[in-house]
There are 2 protein chains.
Amino acid sequence: MDGGAERPAKARKTSWKKDPEAVRQNILAIATEEFAAHGLSGANINEIARRTSTSKRMIYYYFGDKEGLYCAVLEGVYAFLRRSEDLLDVAGLDPVKALRRLIEATFDAHANAPHFIRLVMIENIHNADYLRKSDIVPNLNRSIIDKLSDVCRRGKAEGLFRAGADPLELHWLISSFSFYNVSNRATFSASFGTSLYSKAHQAALKERLADMVMAAVVIGHDPKSWS
Amino acid sequence: MDGGAERPAKARKTSWKKDPEAVRQNILAIATEEFAAHGLSGANINEIARRTSTSKRMIYYYFGDKEGLYCAVLEGVYAFLRRSEDLLDVAGLDPVKALRRLIEATFDAHANAPHFIRLVMIENIHNADYLRKSDIVPNLNRSIIDKLSDVCRRGKAEGLFRAGADPLELHWLISSFSFYNVSNRATFSASFGTSLYSKAHQAALKERLADMVMAAVVIGHDPKSWS
DNA sequence: TGACAAATTAACCCTTAAGTACAAAAAAGG
DNA sequence: CCTTTTTTGTACTTAAGGGTTAATTTGTCA
């Protein structure tokens, strides 16, 4: 094309190390950012490749195609959140303190995992099609439910919790505001201003939400933060 | 290209009516479905055109480009939700009943506006860029806040509500679970099953959530649904 | 009644971006 | 050394899809 005759072998990178795992991780890290930022169809493989320290060719070598890469990213962020949940130990606390701790930890975990939040949003746009395909997912959310179940059981046994407190429902509830707090920040701020998202207000909000759940679950709980 | 010689004028639709408003509405309705289903980058103009009773060219004629169409869709669904909020009148109810009514109506409104939910999710993925560009948005969420403010004011004046109850925070809270209930249904179901989404369970959930908010706001409220 | 703007039709163009082909060479391990 | 795996590099193909050009009809108003 350029010249006609066979051109001499181009100068190649003459030295490098074999490190498949590092290359994979590098691709995954960049891809996580790009998919979280732009969604599945919005993300661009060429752009992801450009930002990695490797090439587009390697992305296909390791992940097959765009969807394969997306699935790997999705599993990665779920695993990340799970690890942060596993670190939490409330078995030694009395039920009331344990519940509060679980609520606040969940709130914080969501606030500190914006990539997770965005990818779950994106996955919901796709009706969880890729999540359902994944074989590792069902077990990923096990631990938080187990912890809540244990706390509820103990709380009821000691006559501290209301009979209506259900672990799955509680998890749904705690997730709802923890998730929404991050997921809808942009539109909420656009409509109502950013006052709720100052550091101070977020801390106060967390207290109030915890108090509210406690008041619903714990018999005779006094929600100081609402007075 | 095909043949070489100038081909005779193709047969055109020889008769049609001028009806700009109907064409616009037809495009908007289909585009709302497509954007809600696939997102901004995921939606396909050709597919939208195919499903309308008009042509792709008309989409560009009326909306300029893909983003223009998306913005029109976004404003449409916000306006739709606003209308449903405006229909709600709680001025005649006592503060306690009024608050409960507002909570349940918001929960129902979200459950019945899946397109709105999905488009807000999509807009959050885009950091509310298009919402912020819109000039009609700031006023769109006014009415629900006004209603909550009025109820809070009356509740406190009558000594029924706690001093800490804040209208904006309450709106955030009520929105959070009402929104999450729809937005994250797919991933939540994939992880934990669909039990929370049966008709019966949804009704019970609504009661419990309302009770929980009431217990946080109304002094001495007894949350029967948690017992 | 004929000019003229608005509305509509039909066919097309061109960029973007996913994915492939091809070719080769260094690394690592036995 | 010989083989397999990993990496490099570039050019290419191809389909999808956003956007355009241009002609034609409708309706309105001098």
Side-chain angles (χ1 to χ4, degrees), chain A residues 1-28 30-31 34-35 37-73 130, chain B residues 1-28 30-31 34-35 37-73 130:
Chain A
M1 197 157 281
D2 56 355
E6 66 284 359
R7 88 190 73 96
K10 268 279 180 62
R12 275 165 192 258
K13 205 180 257 189
T14 48
S15 176
W16 40 269
K17 261 195 72 179
K18 258 188 171 177
D19 194 349
E21 204 42 45
V23 170
R24 259 188 79 96
Q25 289 309 314
N26 175 234
I27 294 171
L28 265 183
I30 303 292
E34 289 290 317
F35 281 124
H38 308 294
L40 174 50
S41 49
N44 183 325
I45 294 277
N46 292 315
E47 174 65 12
I48 293 172
R50 198 190 59 72
R51 290 189 52 204
T52 62
S53 44
T54 177
S55 66
K56 178 158 81 158
R57 187 68 193 74
M58 294 307 281
I59 294 176
Y60 286 95
Y61 183 71
Y62 282 115
F63 298 97
D65 59 9
K66 196 183 189 182
E67 288 193 2
L69 181 57
Y70 172 79
C71 287
V73 162
Y130 303 96
Chain B
M1 195 161 276
D2 57 354
E6 67 282 357
R7 87 192 72 95
K10 269 278 177 65
R12 276 169 191 254
K13 204 181 258 189
T14 47
S15 176
W16 40 270
K17 262 195 72 180
K18 265 186 169 177
D19 193 350
E21 202 43 43
V23 170
R24 256 188 81 98
Q25 289 308 315
N26 175 232
I27 293 171
L28 264 184
I30 303 292
E34 289 290 318
F35 281 124
H38 306 116
L40 175 50
S41 50
N44 182 325
I45 294 278
N46 291 313
E47 175 64 12
I48 293 172
R50 198 189 59 72
R51 291 188 53 205
T52 62
S53 44
T54 177
S55 67
K56 178 159 76 158
R57 187 62 188 82
M58 295 309 281
I59 295 175
Y60 287 93
Y61 183 70
Y62 283 115
F63 299 97
D65 59 9
K66 197 182 189 183
E67 289 193 1
L69 180 57
Y70 173 79
C71 286
V73 162
Y130 303 96

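Within every chain, numbering begins at 1; the chains are lettered A, B, ... in the order of the sequence lines, protein sequences first and strands thereafter.
- Atoms CD1 and OG1, from B:Ile30 and B:Thr54 in turn, are 11.5 Å apart once rounded to the nearest 0.5 Å.
- Comparing B:Lys66 and B:Lys17 along DNA chain D, the residue whose closest nucleotide (by nearest heavy atom) sits nearer the 5' end is B:Lys66.
- Between the CZ atom of A:Arg57 and the P atom of C:dA18 there is a distance of 16 Å, given to the nearest Å.
- By the 4.5 Å heavy-atom criterion applied to side chains, A:Leu69 and A:Tyr62 are not counted as neighbours.
- With C:dG19, C:dA27, D:dT7 as the choices, the nucleotide that has an atom nearest any side-chain atom of A:Lys18 turns out to be C:dA27.
- Atom P of nucleotide D:dT26 and atom CG of B:Asp19 are separated by 14 Å, given to the nearest angstrom.
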Donor-acceptor pairs under 3.5 angstrom involving side-chain atoms of residues 38-51 of chain A: please list them, not counting sequence neighbours.
from: A:Ser41; atom 1: OG; to: B:Ser41; atom 2: OG; distance (Å): 3.1
from: A:Ser41; atom 1: OG; to: B:Gly42; atom 2: N; distance (Å): 3.4
from: A:Asn44; atom 1: OD1; to: A:Asn46; atom 2: N; distance (Å): 2.7
from: A:Asn44; atom 1: OD1; to: A:Glu47; atom 2: N; distance (Å): 3.3
from: A:Asn46; atom 1: OD1; to: A:Lys56; atom 2: NZ; distance (Å): 3.1
from: A:Glu47; atom 1: OE1; to: A:Arg50; atom 2: NE; distance (Å): 3.2
from: A:Glu47; atom 1: OE2; to: A:Arg50; atom 2: NH2; distance (Å): 3.0
from: A:Arg51; atom 1: NH1; to: A:Glu33; atom 2: OE1; distance (Å): 3.3
from: A:Arg51; atom 1: NH1; to: A:Glu34; atom 2: OE2; distance (Å): 2.8
from: A:Arg51; atom 1: NH2; to: A:Glu33; atom 2: OE1; distance (Å): 2.6

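- Using a 4.0 Å heavy-atom criterion, one finds that B:Ala49 contacts no nucleic acid atom at all.
- Put simply, the side chain of B:Tyr70 does not reach to within 4.5 Å of the side chain of B:Lys66, judged on heavy atoms.
- Where the helix from C:dT1-D:dA30 to C:dG30-D:dC1 starts and where it ends, the local axes point in directions that differ by 10°; five pairs per end, rounded to 10°.
- Taking 4.5 Å as the limit, some side-chain heavy atom of A:Asp19 sits within range of a side-chain heavy atom of A:Glu21.
- For the pair B:Phe63 CZ and C:dT8 P, the interatomic distance rounds to 12 Å; values are reported in whole Å.
- Distance from the side chain of B:Thr54 is smallest for C:dT9 among the nucleotides C:dT9, D:dT7, D:dG17.
- Note on B:Ala43: only backbone sugar-phosphate atoms sit closer than 4.0 angstrom, heavy atoms only; bases stay farther off.
- Looking only at side-chain heavy atoms (C-beta outward), B:Leu28 and B:Phe63 come within less than 4.5 Å of each other.
- Here the C1' atom of nucleotide D:dT4 and the OH atom of A:Tyr61 are 9 Å apart, to the nearest Å.
- Put simply, the side chain of B:Asn26 never gets that close to the backbone of B:Thr52: no donor and acceptor are under 3.5 Å apart.
- If you measure from atom CG of B:Asn46 to atom C1' of C:dA11, you get 13 Å, rounded to the nearest angstrom.
- Spacing between atom CG of B:Leu40 and atom P of D:dG17 amounts to 14 Å, rounded to whole angstrom units.
- Taking atom NZ of residue B:Lys56 and atom P of nucleotide D:dG18, one finds them 7 Å apart after rounding to whole Å.
- Taking the side chain of A:Tyr60 as heavy atoms from C-beta on, and the options D:dT7, D:dG18, C:dA18, the nearest nucleotide is C:dA18.
- Between the OH atom of A:Tyr70 and the P atom of C:dA18 there is a distance of 15 Å, given to the nearest Å.
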